[in-house]
Amino acid sequence: MKTNGGCRRIRALCWSRRAWRGAGMAQKKYLQAKLTQFLREDRIQLWKPPYTDENKKVGLALKDLAKKYSDKLECCENEVEKIIEEIRCKAIERGTGNENYRTTGIATIEVFLPPRLKKDRKNLLETRLHITGRELRSKIAETFGFQENYIKIVINKKQLQLGKTLEEQGVAHNVKAMVLELKQSEEDVRKNFQLEEEEQNEAELKEKQIQRTKRGLEILAKRAAETVVDPDMTPYLDIANQTGRSIRIPPSERKALMLAMGYHEKGRAFLKRKEYGIALPCLLDADTYFCECCRELLDTVDNYAVLQLDIVWCYFCLEQLECLDDAEKKLNLAQKCFKNCYGENHQRLVHIKGNCGKEKVLFLRLYLLQGIRNYHSGNDVEACEYLNKARQLFKELYIDPSKVDNLLQLGFTAQEARLGLRACDGNVDHAATHITNRREILFSNPQMWWLNDSNPETDNRQESPSQENIDQLVYMGFDALVAEAALRVFRGNVQLAAQTLAHNGGSLPLELPLSPEASLSPPATSPSDSAGTSSASADEDMETEAVNEILEDIPEHEEDYLDSTLEDEEIIIAEYLSYVENRKSATKKN
């Protein structure tokens with residue numbers, strides 16, 4: 001699988017939006033960030049007199065402080081006083097927790113609950129760090145009213161491992177823990193037994209789905225390792241950096257890379273279905289495995305950059321962006337990687353692909369997330385700058401629905417229409433030509449490939465394919481005999497063979513001219529062979545199910561990650577720009 005100079009990508013194993021609780025939530029986060037900034041600049045220690053008395057109660061001086069900062073921010077004094085009091089109480093809680101940890105060794109964990117629990121979403125939990133992840137999950141479930149088997153815990157941007165202790169997983173005092181709920185319910189659901197039963201069944205199915213995902217990816221990665229006889233001579237992934245030089249992937253990193261790509265694609269599939277609670281663990285697992293790969297690889301292909309965007313976006317959709325301490329780092333990393341891959345001002349991308357319209361959707365989301373992060377951090381000037389960049393890109397990328405309809409009438413898919421129109425600056429005729437050129441003519445008429453490229457003197461279909469090419473197709477999940485036959489038909493071209501088999505459900509179309517020895521039927525199995533393998537059939541069926549579930553979520557279009565209707569982005573851009581404008585208006589009035 002060779003990337004086109006890193007411009008994407010390693011080809012992976014082949015709201016109704018939720019509101020952000022409206023302007024009130026965003027405004028509060030903005031004020032919290034600004035007030036925290038002012039307190040640091042003025043070196044105010046709220047947990048000490050005159051802001052806190054000897055009984056840890058609020059002091060009268062806090063009102064004077066609220067008046068000072070409300071004048072500075074030109075906003076409601078009562079609101080500022082309320083937020084400063086929240087900051088003071090949190091500072092006292094942290095100080096008490098720190099002292100308690102020093103003297104008793106009992107750590108404090110800040111727990112972030114799911115968005116449906118609108119009240120007291122942040123809570124403190126005390127625990128010792130020698131307990132296991134399973135014990136912590138049980139304690140969280142008991143404390144906050146969850147069913148233990150239907151939640152997952154994310155700490156330090158990793159899914160909590162149940163069998164290891166908290167210390168072994170790097171969990172420390174004052175860490176943040178996010179609760180992901182596998183069942184989505186409203187509080188009144190529990191009043192109805194039938195609905196509750198359905199809810200539990202849904203959670204169980206999701207948990208099984210997660211386990212099948214892990215199993216399927218492990219099987220595929222294991223196949224990759226087992227089928228490579230000589231890793232230096234038969235690399236499964238040949239990846240080029242921005243200069244066109246191949247990046248050699250050490251054998252020790254090959255499995256990690258396959259797992260990283262697999263978890264990323266699976267996570268993206270869940271993102272599309274708005275199943276953010278399941279998507280996030282997959283994306284975080286992908287991040288973990290990518291970090292086992294060489295730095296050169298991560299810096300020179302855009303997979304890793306796209307993953308960073310997907311992780312931050314998922315936290316945002318879960319309304320838990322504050323749990324992601326390194327959101328700024330992830331976004332900056334994505335921006336740097338895009339620059340390395342695409343070149344300054346996208347010139348390298350344009351040189352290779354002829355345009356950069358499709359990739360602009362990545363920058364739109366990047367600027368949008370940077371704008372949101374800056375607004376929540378109290379940096380309204382920077383927020384406004386990034387949000388306006390995102391709005392400008394949206395205007396460039398907006399597609400007239402009538403143009404999509406025109407292309408649909410020509411037989412193209414909606415995805416092809418969107419990608420084609422963005423690649424051709426909205427020109428319908430050019431987009432139709434672009435899509436047609438991209439399509440493999442083999443898919444519409446398999447015999448045309450031979451009519452256009454058949455030369456008796458160079459026809460070497462009878463030659464035996466190399467074992468390494470057969471192994472590549474077997475690793476992808478195709479039968480060995482069918483793989484060999486496909487390679488004979490396509491003269492050893494692994495990509496054409498894989499695309500054709502995938503498109504035709506693992507078989508070759510009957511109309512393709514096959515060589516006499518290119519048999520597609522596996523050898524007959526004798527009764528003794530059958531008896532010897534029957535005991536393994538159940539395990540094989542389970543493995544097949546797990547692998548097929550992975551393959552089902554692999555997008556057919558290699559630029560699927562660039563396709564977006566931008567409906568969510570349009571709403572969020574307008575939403576956050578309104579917050580910024582409201583801040584400006586309030587300042588002018590005062």
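Computed from heavy atoms alone, side chains included, the values below leave out hydrogens, waters and symmetry copies.
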Heavy-atom closest pair, residues A305 and C337: CB-CB, 3.6 Å
Side chain to side chain contact (heavy atoms under 4.5 Å, CB included) partners for L333, two or more places apart: R295, Y304, Q308
Donor-acceptor contact present, side-chain Q169 to main-chain Q161, <3.5 Å: yes
Backbone of V482 reached by a side-chain donor or acceptor of D479 within 3.5 Å: yes
Closest approach of N156 to G170 (non-hydrogen atoms, all atoms of both residues): ND2-O, 3.2 Å
Modelled atom types, side-chain donor and acceptor of Q370 and Q335, under 3.5 Å: yes
Approximate separation, where rounding is to 0.5 Å, of T165 OG1 and E168 CD: 3.5 Å
Working for side chain to side chain contact (heavy atoms under 4.5 Å, CB included), residues L280 and M178: CA-CA 11 Å; L280 184 58; M178 183 171 68; 3.1 Å; yes
Euclidean distance, E570 CD relative to L397 CG, rounded to 0.5 Å: 12.0 Å
For the student: nearest non-hydrogen atoms of L160 and I155, plus distance: CD1-CD1, 4.3 Å
Non-hydrogen side-chain atoms of Q415 and D560 separated by less than 4.5 Å: yes
Any Y398 side-chain heavy atom under 4.5 Å of R422 side chain: no
Check: F363 ring centroid to F338 ring centroid under 6.0 Å: yes
Side chains of L331 and V312 in contact at under 4.5 Å (non-hydrogen atoms): yes
Over all atoms of both residues, closest heavy-atom pair of A423 and H434: CB-NE2, 3.9 Å
L324 CG to K329 NZ distance, which is reported to the nearest 0.5 Å: 11.0 Å
N427 side chain to H430 backbone, donor-acceptor under 3.5 Å: yes
CG-OG1 distance between L407 and T413, expressed to the nearest 0.5 angstrom: 9.5 Å
Heavy-atom donor-acceptor pair, E484 side chain to L481 backbone, under 3.5 Å: no
Enclosure of K389 NZ (heavy-atom neighbours >12, cutoff 6.0 Å): yes
Side chain proximity check, V306 to D310, heavy atoms < 4.5 angstrom: yes
Verdict with supporting geometry, K336 and N332, side chain to side chain contact (heavy atoms under 4.5 Å, CB included): CA-CA 6 Å; K336 177 184 176 182; N332 289 340; over 6 Å; no
Min side-chain heavy-atom separation I151-I153 under 4.5 Å: yes
Any E181 side-chain heavy atom under 4.5 Å of Y150 side chain: no
Verdict with reasoning, D302 to Y342, per side-chain hydrogen bond (donor to acceptor under 3.5 Å, both in side chains): CA-CA 9 Å; D302 70 356; Y342 300 155; 2.5 Å; yes
Residue pair L393 / L364: nearest heavy atoms and the distance that separates them: CD1-N, 3.5 Å
Full working for side chain to side chain contact (heavy atoms under 4.5 Å, CB included) between L259 and E292: CA-CA 11 Å; L259 287 170; E292 295 180 16; over 6 Å; no
Residue pair L369, Y386: steps toward the side chain to side chain contact (heavy atoms under 4.5 Å, CB included) verdict: CA-CA 8 Å; L369 289 171; Y386 282 118; over 6 Å; no
Closest contact, heavy atoms only, C314 versus L271: SG-CD2, 3.9 Å
Close side-chain approach of L283 to Y263, heavy-atom, < 4.5 Å: no
Ion pair K274/D568, N-O distance below 4.0 Å: yes
Flag for H264-N303: side-chain donor and acceptor within less than 3.5 Å: no
SG-CG distance between C282 and L307, expressed to the nearest 0.5 angstrom: 11.0 Å
Flag for D285-Q159: side-chain donor and acceptor within less than 3.5 Å: no
Cationic N near anionic O, under 4.0 Å, K330 to D287: yes
Non-neighbouring partners of Q467 that pass side chain to side chain contact (heavy atoms under 4.5 Å, CB included), sequence neighbours left out: I470, D471
Under the side chain to side chain contact (heavy atoms under 4.5 Å, CB included) test, residues paired with T288 that sit two or more places apart: K158
Side chains of L180 and I278 in contact at under 4.5 Å (non-hydrogen atoms): no
Counterpart residues, side chain to side chain contact (heavy atoms under 4.5 Å, CB included), relative to T565 (two or more places apart): R418, E567
Residues forming a salt bridge (Lys or Arg N to Asp or Glu O under 4.0 Å) with K164, sequence neighbours excluded: none
Pairwise distance CG(L368) to CZ(F316) - rounded to 0.5 angstrom: 7.0 Å
Whether N437 side chain and T433 backbone form a donor-acceptor pair below 3.5 Å: yes
Residues which pass salt bridge (Lys or Arg N to Asp or Glu O under 4.0 Å) with K403, listed by chain and number, not counting sequence neighbours: none
